[in-house]
Amino acid sequence: MSAASYDVAIVGGGPAGLSAAIELRARGVAKVALFERGDEAGGIPRHCGHPLFGMREFGRILTGPAYARRLVAAALAAGVTVLPKHTVVHTGPGGRLTVASPNGIETIQAARILIATGAREATRAQLLVPGLRPLGVMNTAALQAFVYQGGRVPFRRPLIVGSELVSLSAILTCRSHGIRPIAMVESELDVQARRAFFALPRLLRVPVMTGAQILAIEGRPRVTSVRLRLADGTETLLACDGVIFSGRFVPEAALAEASALVLDPATGGPEIDQHGRGSDRAIFFAGNMVHPIETAGHCWAEGRRVAGLIAAELADRAKSEPKETPGRRVIAGAGLKYVVPQRLTTEGTGTAPVLNVRALGAANGQLILSNGSGTILRSQSINAAPQKPIRFSLAGLDLAGESSDLRLRLEPKA
């Protein structure tokens, strides 16, 4: 039996994948299929029963589930083939995909593949948190599934671990069902989202404790307490009936790894160029698997941008078979956790590249881009919270004149 064939196969049904599918159809790409391993498409917003979603996309404030439903409806109306319960387990050369579905194992052929499988919160094991393994320990995604989808309340007085945006989402999820967190603890000395956002826990009387290390989770069969070492070195025992691990996102890159695509050790996601292309030139990436983590609105916009590049490439018959082209590497230097994209090429068109950067902690100083000989090409003043995305535009720079690596570093303010 011949393999099913598409112009573009999209893996992942979150905001990036859905917006890309819609944009591809709008640009005249005829056969677009979206493969979603869950029971329905929509991504993480399906589990977020609170605002703020949709202003950039639909011009109104929506809850996560309403936002996800609108994206899926728009994709179906555009003529996208949406395939839930279809898990892509491998991609091969020439646009080949191996898919597991209720129908069994299938082989799919596509001219281009876009992988947008998102990111997930780090597990307790990945965070090396000691103690017992009682009931009542979960991440924010599991909490939201319990509360918004299952209508169940897993605990009444949990401790929230982490201080990123998703940690604030955990507070809203708890309060929507009468759950009152006892505190929010952060191992770093400063909160990881913008300080202004922490008016929310203050308003809801949720203490925020920074520089606090978890020594043990206690209780059997359920959580009864958490032992902490505070920033001043003292220890304390907090009585609680649950623990919510929030944030510390890592890319959902299992498919890319299984397909032997090149990964970036700094992000844990794929290595890409400014067009979203990976090490296999027929495979593109978009969304939070390349830069953990951004808002749904940003991922939606990025999906559209990458889809535009794919559509333009498919329309140009000269590029129907993508070829390897030399590019310049972009290396994250002092003070930086990572930079995306990791490669810049001279092929293709589109807007000027913008580097997506994360600092190691809070950043206050100058971002400096230099070439292989150390010549400074551009600098930019920044003052950013620890997890705040930093944008560094390369507009106006002639990057085709040489082939040396580019280095981006942070010089702290004196």
key: Atom pair CD/CZ of Glu411 and Arg409 - distance to nearest 0.5 Å   = 4.5 Å
task = Check Leu132 against Gly219 and note the closest heavy-atom contact, atom names and distance.
result = CD1-O, 3.5 Å
ask   = Do Leu143 and Pro154 touch side chain to side chain, with heavy atoms closer than 4.5 Å?
value = yes
Please list every donor-acceptor pair under 3.5 Å in which a side-chain atom of residues 245-253 meets a protein atom from a residue at least two apart or in another chain.
{"from": "Ser246", "atom 1": "OG", "to": "Val161", "atom 2": "O", "distance (Å)": "2.8"}
{"from": "Ser246", "atom 1": "OG", "to": "Ser167", "atom 2": "OG", "distance (Å)": "2.6"}
{"from": "Arg248", "atom 1": "NH1", "to": "Glu164", "atom 2": "OE2", "distance (Å)": "3.3"}
{"from": "Arg248", "atom 1": "NH2", "to": "Glu186", "atom 2": "OE2", "distance (Å)": "2.6"}
{"from": "Arg248", "atom 1": "NH2", "to": "Ser187", "atom 2": "OG", "distance (Å)": "3.4"}
{"from": "Glu252", "atom 1": "OE1", "to": "Arg120", "atom 2": "NE", "distance (Å)": "3.3"}

request  = Classify the side-chain pair Thr210/Glu188 by whether it contains a donor and acceptor separated by less than 3.5 Å.
outcome  = no
task = Just jot down the side-chain contact (heavy atoms from CB on, under 4.5 Å) partners of Ala30, sequence neighbours excluded, or say none.
result = Asp7
key: Listed partners of Pro412 passing side-chain contact (heavy atoms from CB on, under 4.5 Å), at least two apart   = none
ask   = Just how far is it from atom CG of Leu168 to atom CG of Leu200, taken to the nearest 0.5 Å?
value = 5.5 Å
task = Determine, stepwise, if the pair Ile331 / Leu408 fulfils side chain to side chain contact (heavy atoms under 4.5 Å, CB included).
result = CA-CA 6 Å; Ile331 299 171; Leu408 188 66; over 6 Å; no
message = Quick one, Tyr338 and Pro292 - any side-chain contact, counting heavy atoms below 4.5 Å?
response = yes
Donor-acceptor contact below 3.5 Å, side chain Ser19 vs main chain Pro15 = yes
ask   = Is there a side-chain contact between Leu114 and Val11 (heavy atoms, below 4.5 Å)?
value = no
request  = Taking the side chain as every heavy atom from C-beta outward, state whether Arg70 and Leu62 have any atom pair closer than 4.5 Å.
outcome  = yes
key: Residues which pass side-chain hydrogen bond (donor to acceptor under 3.5 Å, both in side chains) with Arg227, listed by chain and number, not counting sequence neighbours   = Glu218
message = A side-chain contact here means heavy atoms from C-beta on lying under 4.5 Å apart; do Val243 and Phe155 qualify?
response = no
query = Got a second to check how far Leu127's CG is from Asn139's CG, nearest 0.5 Å?
reply = 10.5 Å
key: Considering all heavy atoms, the nearest Arg96-Pro93 contact   = NH1-O, 3.6 Å
key: Residue pairs passing the ring pair (Phe, Tyr, Trp, His ring centres under 6.0 Å) test where at least one lies in residues 41-78, sequence neighbours excluded   = Phe53-Tyr67
ask   = What pair of heavy atoms forms the shortest contact from Ala116 to Gly17, and how long is it?
value = CB-N, 3.9 Å
request  = Could you give me the CA-CA distance, side-chain angles and deciding distance for Asn356 and Arg391, then say whether side chain to side chain contact (heavy atoms under 4.5 Å, CB included) is met?
outcome  = CA-CA 5 Å; Asn356 190 327; Arg391 318 288 185 217; 2.9 Å; yes
query = Could you walk me through whether Met289 and Ile115 pass the side chain to side chain contact (heavy atoms under 4.5 Å, CB included) check?
reply = CA-CA 9 Å; Met289 72 172 307; Ile115 300 178; 3.6 Å; yes
ask   = Quick one: does Glu36's side chain have a donor or acceptor within less than 3.5 Å of a partner on Gly13's backbone?
value = yes
request  = State, yes or no, whether a side-chain contact exists between Pro341 and Leu355 at a heavy-atom distance under 4.5 Å.
outcome  = yes
query = side-chain hydrogen bond (donor to acceptor under 3.5 Å, both in side chains) with Asp39: which residues, sequence neighbours excluded?
reply = none
request  = Can you see which heavy atom on Lys388 is nearest to which on Arg358, and at what distance?
outcome  = O-CD, 3.9 Å
query = Can you list the residues that meet the side-chain contact (heavy atoms from CB on, under 4.5 Å) rule with Ala193, with sequence neighbours excluded?
reply = Leu165, Phe197, Phe198
request  = Verify side chain to side chain contact (heavy atoms under 4.5 Å, CB included) between Val147 and Arg152, making sure each step is shown before the conclusion.
outcome  = CA-CA 5 Å; Val147 169; Arg152 293 177 290 171; over 6 Å; no
Cut-off 3.5 Å, no hydrogens considered: what does the side-chain donor-acceptor table look like for residues 71-92, sequence neighbours left out?
{"from": "His86", "atom 1": "ND1", "to": "Pro84", "atom 2": "O", "distance (Å)": "2.8"}
{"from": "Thr91", "atom 1": "OG1", "to": "Ser259", "atom 2": "OG", "distance (Å)": "2.9"}

query = Going by atom types only, do His275 and Glu313 share a side-chain donor-acceptor pair under 3.5 Å?
reply = no
query = Do Arg343 and Val330 have side chains that get closer than 4.5 Å, going by heavy atoms?
reply = no
task = Could you check Glu121 against Thr140 for side-chain hydrogen bond (donor to acceptor under 3.5 Å, both in side chains), going step by step and ending with a plain yes or no?
result = CA-CA 8 Å; Glu121 292 167 292; Thr140 313; 2.8 Å; yes
key: Value rounded to 0.5 Å, distance of CZ in Arg124 from CE in Met138   = 12.5 Å
N/O donor to acceptor pairs below 3.5 angstrom from side-chain atoms of residues 364-376, sequence neighbours left out:
{"from": "Gln366", "atom 1": "NE2", "to": "Ser381", "atom 2": "OG", "distance (Å)": "2.4"}
{"from": "Asn371", "atom 1": "OD1", "to": "Ser373", "atom 2": "N", "distance (Å)": "3.1"}
{"from": "Asn371", "atom 1": "OD1", "to": "Ser373", "atom 2": "OG", "distance (Å)": "2.9"}
{"from": "Asn371", "atom 1": "OD1", "to": "Gly374", "atom 2": "N", "distance (Å)": "3.2"}
{"from": "Asn371", "atom 1": "OD1", "to": "Thr375", "atom 2": "N", "distance (Å)": "2.9"}
{"from": "Asn371", "atom 1": "ND2", "to": "Glu402", "atom 2": "OE2", "distance (Å)": "3.2"}
{"from": "Ser373", "atom 1": "OG", "to": "Thr375", "atom 2": "OG1", "distance (Å)": "3.3"}

ask   = Do Ile108 and Thr98 have side chains that get closer than 4.5 Å, going by heavy atoms?
value = no
Residues forming a salt bridge (Lys or Arg N to Asp or Glu O under 4.0 Å) with Arg27, sequence neighbours excluded = Glu23
Do any side-chain atoms of residues 171-185 form donor-acceptor pairs under 3.5 angstrom with protein atoms, and if so which ones, sequence neighbours left out?
{"from": "Thr173", "atom 1": "OG1", "to": "Gln144", "atom 2": "NE2", "distance (Å)": "3.4"}
{"from": "Thr173", "atom 1": "OG1", "to": "Ser169", "atom 2": "O", "distance (Å)": "3.0"}
{"from": "Ser176", "atom 1": "OG", "to": "Thr173", "atom 2": "O", "distance (Å)": "2.7"}

Heavy-atom closest contact (Ala170 atom, Ile160 atom, distance) = CB-CD1, 4.2 Å
ask   = Are the side chain of Ser163 and the backbone of Gln192 linked by a donor-acceptor contact shorter than 3.5 Å?
value = yes
query = Counting only heavy atoms not in Arg56, do more than 12 fall under 6.0 Å of its CZ?
reply = yes
query = Rounded to the nearest 0.5 Å, what separation is found between the CG atom of Leu255 and the CZ atom of Phe35?
reply = 11.5 Å
inquiry  = Holding to salt bridge (Lys or Arg N to Asp or Glu O under 4.0 Å), I want the full list of residues that pass it with Asp273, two or more places apart in sequence or in another chain.
reply    = Arg277, Arg281
Side-chain H-bond candidate by donor/acceptor type, Glu294 with Asn288, under 3.5 Å = no
query = Any donor and acceptor pair, going by atom type alone, linking the side chain of Arg25 with main-chain N or O of Val29 inside 3.5 Å?
reply = yes
request  = Heavy atoms only: give me the nearest Leu189-Gly211 pair and the separation to one decimal.
outcome  = CD2-CA, 3.9 Å
request  = Drop me the distance from Ile382's CD1 to Ile390's CD1, to the nearest 0.5 angstrom.
outcome  = 4.0 Å
message = Is it the case that atom CZ in Arg60 sees more than 12 heavy atoms from other parts of the structure closer than 6.0 Å?
response = no
